[in-house]
**Q** 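Dumping the structure here so I can ask a few things about it.
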Amino acid sequence: MSRIPDPDAYFAEVVDKYSEHVNPYLAKLLAFAGFGVEVYGEGCYIEDHEGRRYLDCLGGYGTFALGHRHPKVVEAVKHQLDSLGMSGKAFFSKPAADLAAELARIAPAGLQYTFFSNSGTEAVEAALKFAKVATGRSRIISTIGGYHGKTLGALATTGREKYRKRVEPLMPGVEFIPFGDTAAAVAAIDDQTAAFIVEPIQGEGGIHVPPDGYLRAIREACDRTGALMIADEVQTCIGRTGAMFGCDHEGVAPDIMTLAKQLGGGVMPIGATMGTADVWQKVFSENPLMHTSTFGGNPLACSAGLAAVRVVQDEDLVARSRDRGALMLELLRETQTRHTDLVSDVRGKGLMIGVEFAMDEVGELTVAQMLKRGMCAAYTLNNPRVIRLEPPLIISEEEVRKAVEILDGALTETSELLAMLA
Ligand SMILES: *Cc1c(COP(=O)(O)O)cnc(C)c1O
């Protein structure tokens with residue numbers, strides 16, 4: 001049952017306004033892919049204007065770790081709204097203090113301080129700036145396929161030509177090396193390097209898990225040369241990969257760490273850049289306002305963040321992510337054996353899982369088939385051959401099985417479609 005009295009007119013109005021005033025090309029793309037208008041979200045499900053419910057395995061690119069509108073996060077934000085919404089900026093703010101202290105408690109050792117912003121790309125902007133200021137160097141090393149955002153500074157470190165080419169020249173001094181190549185990383189880091197920026201698991205690049213020891217080797221090379229290690233945990237933070245942070249898998253503590261996506265509990269947007277006392281001293285001691293954000297650290301976002309971090313711990317979602325992720329991987333690998341013509345690889349850690357297809361078009365077709373069967377997924381921004389499955393960490397075993405069944409059915413139909421076309 002639709003919550004909307006006249007769903008067709010509602011859809012037409014929204015698409016029309018998108019076409020006229022938001023982005024006509026995006027409107028076409030979304031409508032062509034079969035997406036409706038989202039009107040309601042609860043737990044692992046998102047509902048469209050026609051009242052169709054979708055198991056949300058896209059989850060706002062990982063934003064919905066706690067599902068949609070987790071009651072504890074909603075309650076925290078509502079409660080905060082009764083006293084103060086945005087910050088006056090001149091005063092101390094308790095929600096920001098509380099969240100910063102809690103993040104320092106759970107983060108890898110030494111990450112004592114947090115600068116708050118409003119998105120992943122802003123968190124990365126701050127990280128790059130802090131690294132340059134703290135080291136007095138300008139060379140940044142990033143990885144091919146790495147995704148760090150689309151604002152100019154972050155884009156300069158995002159490893160895909162398609163998004164960079166028409167904006168160049170970007171921030172100079174950035175070098176790209178293959179992800180997961182330990183020798184290349186160690187060779188690239190030298191005494192001119194301000195920072196090595198890296199995702200513990202590449203998300204938009206196509207869910208790539210680096211070999212064991214990769215992050216440790218980067219850490220050691222940074223220590224040897226005085227370069228800073230920036231872990232971009234915008235997508236991997238608070239439980240997504242079956243550890244609290246992606247770096248925890250190797251017991252590595254970066255100098256700077258960026259967080260966003262699921263940090264707002266799926267209710268508020270928030271970005272965070274964490275750093276060591278040494279970095280903060282070098283960046284802020286001369287000028288406490290060296291980096292600022294009007295909305296960053298606002299009480300609503302910070303109360304959501306604090307509630308989210310508490311829920312992850314209270315509900316033991318890190319262990320859940322590990323267990324449900326292992327089950328999903330196992331079931332997906334079984335499915336792969338039935339579709340070896342279409343699926344070339346299944347990989348991931350925790351509930352950050354990628355399914356790679358043998359051909360480009362298969363991803364698109366399969367995503368559309370999954371949507372028809374009541375499940376959202378999407379391909380990764382830097383790699384159209386890989387679809388990502390990043391369901392809420394609260395997903396049940398039954399829903400994991402259901403998700404894989406839906407993918408299985410979608411693959412069978414895609415296979416039949418391709419055979420017809422051949
Ligand atoms: C999504 C993402 C970003 C950019 O975050 P936005 O909030 O979309 O600006 C940066 N880094 C990583 C690793 C991401 O996954």
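We count ligands from 1, going down the list as the structure has it; atoms in each ligand are counted the same way. For the numbers below, each heavy atom of this structure counts, side chains included, while hydrogens, waters and symmetry mates do not.
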**Q** After noting the C-alpha distance and the side-chain angles of Glu125 and Thr151, does the key distance pass the side-chain hydrogen bond (donor to acceptor under 3.5 Å, both in side chains) rule?
**A** CA-CA 8 Å; Glu125 294 289 335; Thr151 55; 2.5 Å; yes
**Q** Can you tell me which residue pairs pass the side chain to side chain donor-acceptor pair (under 3.5 Å) test with a partner in residues 21-35, sequence neighbours excluded?
**A** none
**Q** Between Arg385 and Phe357, is NZ or CZ placed under 6.0 angstrom from the six-membered ring centre and within 45° of the ring axis?
**A** no
**Q** Only pairs at least two apart or in different chains count here, so list each side chain to side chain donor-acceptor pair (under 3.5 Å) that has a residue in residues 298-311.
**A** none
**Q** For a quick check: using heavy atoms under 4.0 Å, what are the residues in contact with ligand 1, sorted by chain and number?
**A** Ser119, Gly120, Thr121, Tyr147, His148, Gly149, Glu199, Asp232, Val234, Gln235, Lys261
**Q** With a 3.5 Å distance limit and no angle check, can you tell me whether Glu199 reaches the backbone of Gly203 through a side-chain donor-acceptor pair?
**A** yes
**Q** By ring pair (Phe, Tyr, Trp, His ring centres under 6.0 Å), which residues pair with His291, not counting sequence neighbours?
**A** Phe115, Phe130
